[in-house]
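Position 1 is the first residue of the sequence; numbering continues from there.
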Amino acid sequence: MNTTRTQILRYTTAFITGVIHQSQLRRHLIETLHRETPITNQVTLKQLNLASEALESAVSNSSSAIRSSSLSLAEKLLLPLPEYPLSSFLLSLIQTLRNHAEESAIILLRIFHSNPSLARSEIAPSLYEHLFCFHLFPVFRWFDEQRTRILPSASETPSRDGDTGDYSVSNDLFMPYAKLLSSVSSDQALKLKELEKEYEEVLDENCRVLAVYFKEVLVNKDEDSTISPPLLILKNAAGSGSNDRGGLHRKEEMKMPQLENGRYNPMWSERDTSVEFLSSSSSSISSLALLYPQRVSPRVLHPLKSSKYWTTPAYLNSAPETQFSLDENLLCSSSDSEAENEEKDKNVALLEPRQSQSQNKEQIQTIFKESRGSPDYPMADYENTPPHGSGKQTPPKDFVCPITSNIFDDPVTLETGQTYERKAIEEWFNRENITCPITRQKLQNTKLPKTNYVLKRLVASWKEHNPSSVPPTCECPYKDSESVVKTEIPSTSPNSVITQATVDGMIGELRCAINNLYMSEILQESEMAALQIEKLWRGGNLGVDIHSMLSKPPIINGFVEILFNSVEPQVLQAAVFLLAEMGSRDNSVIQTLTRVDTDVECIMALFKKGLTEAVVLLYVLNPSTVTLTEMAVVESLIAVFNKKEEDLVNMCLNPKTAAVLLLGQIIGSSDEIIASSIVKTLFSEKALGAIVGSLGAEWAEERIVAVEILLRCMQEDGTCRNTIADKAELSSIMESFIHANDAERFKIVEFFSELIKLNRRTFNERILHIIKEEGPFSTMHTLLIHLQTALQDQCPVMAGLLLQLDLLVEPRNMSIYREEAIDSLISCLRNSDFPTTQLAAADTIMSLQGRFSFSGKPLIREVLLKRAGIDKGPRSDVQVDHMSNFFSEIEITAEEERAADDWERKIASVLVSHEFGILFEALADGMKSRIPELRSACFISATWLIYMLTTLPDTGIQGAARVCLLKPFVNKLNSAKDIEHRILSMLALNSFLHFSDGLRDLTASYAKDILKGLRELKRFSPLASEMLKVLVDENEPKTDIWRHKEIIQVDCRGNGDVLSVICFKDKIISGHTDGSIKVWTLKDNELLLLQEIQEHTKAVTNLTISEPGDRLYSGSLDRTAKIWSIGKAAIHCEQVHDMKDQIHNLVVTNSTTCFIPQGAGVKVQSMNGESKLLNSNKYVKCLAHAHGRLYCGCHDSSVQEIHLATGTISNIQSGSKRLLGKAYPIHALQVHGELIYAAGSSLDGTAIKIWNNSNYSMVGSLQTGSEVRAMAVSSELIYLGCKGGVVEIWDKKHIKVGTLQLGTNCKVNCMALDSNEQILVIGTSDGQIQAWEMN
């Protein structure tokens, strides 16, 4: 099977990332590589040390600049060096930090090539297991075959599935010594050692081969080609019949054995933690899984000096991806016999002793060792099996139960081939396990088979030959401690002799258990001692102070060593329970536990791996927020919330309470980014529900912390407030408010203020009623007292809540709560010494409007824009493309809308009525602030209150509002850059029109100032047109209103007549008779030429913009139409179409191009090149297009409408016969809204006729004696370009309001208006381009 590039990168990246994230593991690996790299050159050593320091600086520093420089320095130091394992390891870390995963993997594989033994045993065993072992099955099989030749009896053990020859993943493959049923001779032991030496050499050689193969896979960029795995290199080992002890090399193709479920499944893969071997030994035993849990050397954590035989658990240093569940099936026995431990001590460093233990500990150990009755005989090891008859013999491993570590008494063999003591495996199954403890394979049947009598007889025979070596019988370590510690006290008088004797016995048991706890060298005995102590502690009837007996530092350290070494969940729970109970009562216990950092790290690691009860101990230890954050315990804390109460141990503090308190500490003390990321992980209903449940907790501190967490959640993502409001118990929070300190009270007020920002007004008022009516004291009175003494920055929020509570009933003439709240808001709004307070006050006033989105965002701006006519219709979407998405998608019922309107009227009434409108003065001052956010908030609040005055009875407050805010709103309308602000200003000014004196002030003093702004807003809101109508009707003469001034005139006579001109965004584009096209921009009253291009050979008769607005079309007498892309400063020709006829006028739709040819009719050409002639019996003079219909103005004064989809022609105006041979054509057509404007002959005195385009009825005309050649129509005015250099201006009431004199006796050929209808551009027959602005 080929290994893919993705697989290699996944495993290598996971390993390197884990090293980067674990500083202790990283330093340990670097120290190991230093030790194993023989370098005598001091310069090279110095370079390596400097590179290591630079790398550590890069990892620990958050600044990107410092990190980049540190990585560059480290790389410069390492690149010149030879490919040492250490330099390769450091370079791999550097490439990962730079996100170069492939380069990192290639460099990391160098270590497996240069020193494979070191790489697989100490540096990256997990990577070796996942990446290399899969390819090394033939090597494992070869080793098994060679071993079977040496130990023929092993072949009887079932190791194959049927007769297929496929090796199943069993203990036979990974633990070749697990099933021997006979003793091993000295000759066989010698051959085994030689075999193991050759086995290590074969592994080394094949690791190098595979490292090269993996590198080739990574380098190969061709996804279609695959690289086949290399042939493995094997040796003919001892017992093969070869005389050459070195063996002949042979290569074997990688044929993978058939595995269960189609995947590699060694026994340790079902355990959720990786087994990492960090000893310096390179024996085959260290490379294969043993019968007991392997643990990382404690050198990773601290110096090693202890004489204990226990080692530090591997999960303290495993990669972050590694998971370990203490609720999983029980692992193998936690105990090892003494002789076996002595052998392991050669390779594994010992645990550091606690400094508080006494100097004569060894003497005490000797005394208790004799009294404990523990086995003195470890299991046999094939490497050190003594010869027969040499005295006391150690039992073979196959005679010892891997669970109890005792000689078999009643052995039973499971379907996996593993043998266990009957009582032990029964207890395993009673714990609801359905797998084999060693192989971890799922069992088909958990019913125990009959006794293995063959093995039982062999054991009995061995006992007869070695009577002095038979160890004493030991109970199963998993037997319920009730059988060991009998704590039931007879129900007799406390003074009875029996009771006293029972108590004395229990005290004796306690003392013995304490001694076993911290003196025993056998982990099993210490585990049993911890269970005994827990049972006695919970009994609590000894009549002595157990706490004082257990709180001594040596005892505490004994419990900690249990945590470091045990893998039994019940034992770990007992140790954590006792430490938490003692720590909650005695600070000296906490000092002992926190004296060594690794102790706290061990507790955190156990908690993260599933030991829920450890969260209580963590809270008692009170670690710093930095420590909690670095250990990444948030997900584990959230997991506690999902536990059922019945599954939690009864402790001094509920684990869920401890989790809430720790989570609050992390969120409250971390920086903004970290706190925000933590809060986002809480946004699941289960986690939030558990924290909401803490609001009703008995402990006040838990309630306060829950308030702080939920407040932060609502501030981070307001969508969760509906869940919180639905489940929160608010009455208990009110009880906490009375006894809380000032900071906690403010948090509660903030919580309530955020909670009542629901998107349903009725829900908000329901919560306000609960806040007002619940609690032991008057909520409003309590809030009033704290408002009067609160800090300045706390007053706005408190005042806002108090005001809303007061308005739950109809506003009274006088309310001390209301007056105090509004006074506080106005005072804060005016306090310029505290800008933050000012902004908080302005935001509070905005939120009082009462409408909120689903996320809790105030909708006051959106509501006001809607009232100004800005809705979600197509008109707004097209024309206001940069405005925000105004409205949420929430459907508001009629009941909710009525409740919201009633609330809005009540709150606005009390705000504007307070001290005769003094709030308007404060808002006007805020609109002048230098702080943009404050200006915006005050402006929106002022707009809202001015609008609400039109719905409230006039009590004289309108005058105060007009005096304070009329002029600021006029200025805002003309000067604001934000289109939304201009629209809101228009809404406020429209409200002033409804005031008694507001209309007079606007028309008399400000009409001319706001007309321009209103014209620009017409295309956004119909309200602008309504206001224009009112203001214009009130002003005479109208010529003053529609006054224009000339901005600029440009002479283009060199290019001939200006035949066409259009305005597009900030550009003006003109077409000339010499075929040139010019691009202009109007800046500072100057018409600047951006580009002049001449690609047409004859006159450019027409310019038009496509309907999507992204292309320019030009038509010319040279029979071509060109399509241009429009850039920022120039246009570029993209396509040229040969129209095969002169183009006199051009109209472009989405799918067709229509133009007037040299002859009769209108030619319509589709995008696929098809062409047809319409209206062929008419000579067309001009064209216009709207809504899929083409309008034709003809030489005979007729006007037709052509439906482009069907070709249907409708007659709007019939033509007139020629008089004395003279024609009177239609020179210009314009379609604006629902009206059609036609400029024709003035023969009957009406040069301009206007029709309704729905029924072709004539709705008006303009009486002018001039001959009109061009026309432009805006929302308010009609511009007529005439002969003689005159442009007439008419309003929509068909009244002439002005005339523009162009200064030359020329003919107006073309006109165009900009998008704001403020600039009129005129092109004339004498080559002039003029721009006029509405003044």
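In this structure the side chain of W1290 never reaches within 4.5 angstrom of the side chain of I1248, judged on heavy atoms. Within the 4.5 Å cutoff, side-chain heavy atoms of C1063 are placed close to those of V1321. Side-chain contact between I979 and L1017 is present, with heavy atoms from C-beta onward closer than 4.5 Å. The shortest distance between side-chain heavy atoms of L1302 and Q1328 does not fall below 4.5 Å. I1077 has its side chain within reach of W1124: a pair of non-hydrogen atoms, C-beta onward, lies under 4.5 Å apart. Between I1105 and L1112 there is a side-chain heavy-atom pair separated by less than 4.5 Å. Here the side chains of E1276 and E1317 are not in contact, with every heavy-atom distance at 4.5 Å or above. T1153 has its side chain within reach of M1139: a pair of non-hydrogen atoms, C-beta onward, lies under 4.5 Å apart.
The backbone N or O of I946 lies less than 3.5 Å from no partner atom in the side chain of T950, so there is not a single donor-acceptor pair. In this structure a side-chain-to-backbone donor-acceptor pair under 3.5 Å is present from S1116 to K1098. The main-chain N or O of K1128 is found under 3.5 Å from a side-chain atom of K1067 such that the two form a donor-acceptor pair. No donor-acceptor distance shorter than 3.5 angstrom exists from the side chain of T1324 to the backbone of V1308, with no hydrogens or angles considered. A donor-acceptor contact shorter than 3.5 Å links the side chain of Q1230 to the backbone of M1271. In terms of modelled atom types and a separation under 3.5 Å, the side chain of R1119 and the main chain of K1140 share a donor-acceptor contact. Remark: side-chain polar atoms of T1101 are paired, donor with acceptor, to backbone N or O of I1143 under 3.5 angstrom. Checking side-chain atoms of D1057 against main-chain N and O of L1059 turns up no donor-acceptor pair under 3.5 Å. In this structure, the side chain of N1145 does not engage the main chain of I1156 through any donor-acceptor pair within 3.5 Å. Judged by distance alone, the side chain of S1060 and the main-chain N or O of G1071 form no donor-acceptor pair under 3.5 Å.
Going from atom NZ of K866 over to atom CG of L987 covers 14.0 Å, rounded to the nearest 0.5 Å. Here the CG atom belonging to L973 is positioned 6.0 Å from the CZ atom belonging to R982, to the nearest 0.5 angstrom. Considering CZ of R861 and CG of L984, their distance stands at 6.5 Å, rounded to 0.5 Å. Put simply, OG on S1274 and CG on L1320 are 9.5 Å apart, with the number rounded to the nearest 0.5 Å. Remark: L1090 CG to K1078 NZ distance equals 12.5 Å, nearest 0.5 Å.
Evaluation of the salt bridge (Lys or Arg N to Asp or Glu O under 4.0 Å) test over residues 1143-1165, restricted to residues two or more places apart or in two chains, returns D1141-K1163. Listed by first and then second residue, the side chain to side chain donor-acceptor pair (under 3.5 Å) pairs that reach into residues 1083-1095 are N1055-E1092, sequence neighbours excluded.
Y1179 OH: 12 or fewer foreign heavy atoms inside a 6.0 Å radius.
Scanning all heavy atoms of the two residues, the minimum distance from S1176 to A1160 falls at O-CB, 3.3 Å. Contact between I1126 and R1111 at its shortest, heavy atoms only, is CD1-C, 4.2 Å. The minimum heavy-atom distance linking M1311 with L1280 is given by the pair CE-C, 3.9 Å. Here the closest non-hydrogen pair linking L1103 and I1062 is O-CG2, 3.4 Å. Contact detail for C1052 and W1080: the closest heavy-atom pair is SG-CZ2, 3.7 Å. What you find for K1292 and S1275 is that their closest heavy atoms are NZ-O, 3.1 Å.
Between the side chains of T1149 and H1185, no donor-acceptor pair is found at a separation under 3.5 Å. Looking only at atom types and distance, the side chain of Q1301 has no donor-acceptor partner in the side chain of T1299 under 3.5 Å away.
Here H1137 and F1155 keep their ring centres 6.0 angstrom or further from each other.
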(request) Any chance you could lay out the salt bridge (Lys or Arg N to Asp or Glu O under 4.0 Å) test for D1051 and R1053, step after step, and finish with the verdict? (result) CA-CA 6 Å; D1051 188 353; R1053 278 180 289 188; 2.6 Å; yes
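Using the six-membered ring where Trp is involved, F939 and H981 have ring planes that are tilted, between 30° and 60° apart.
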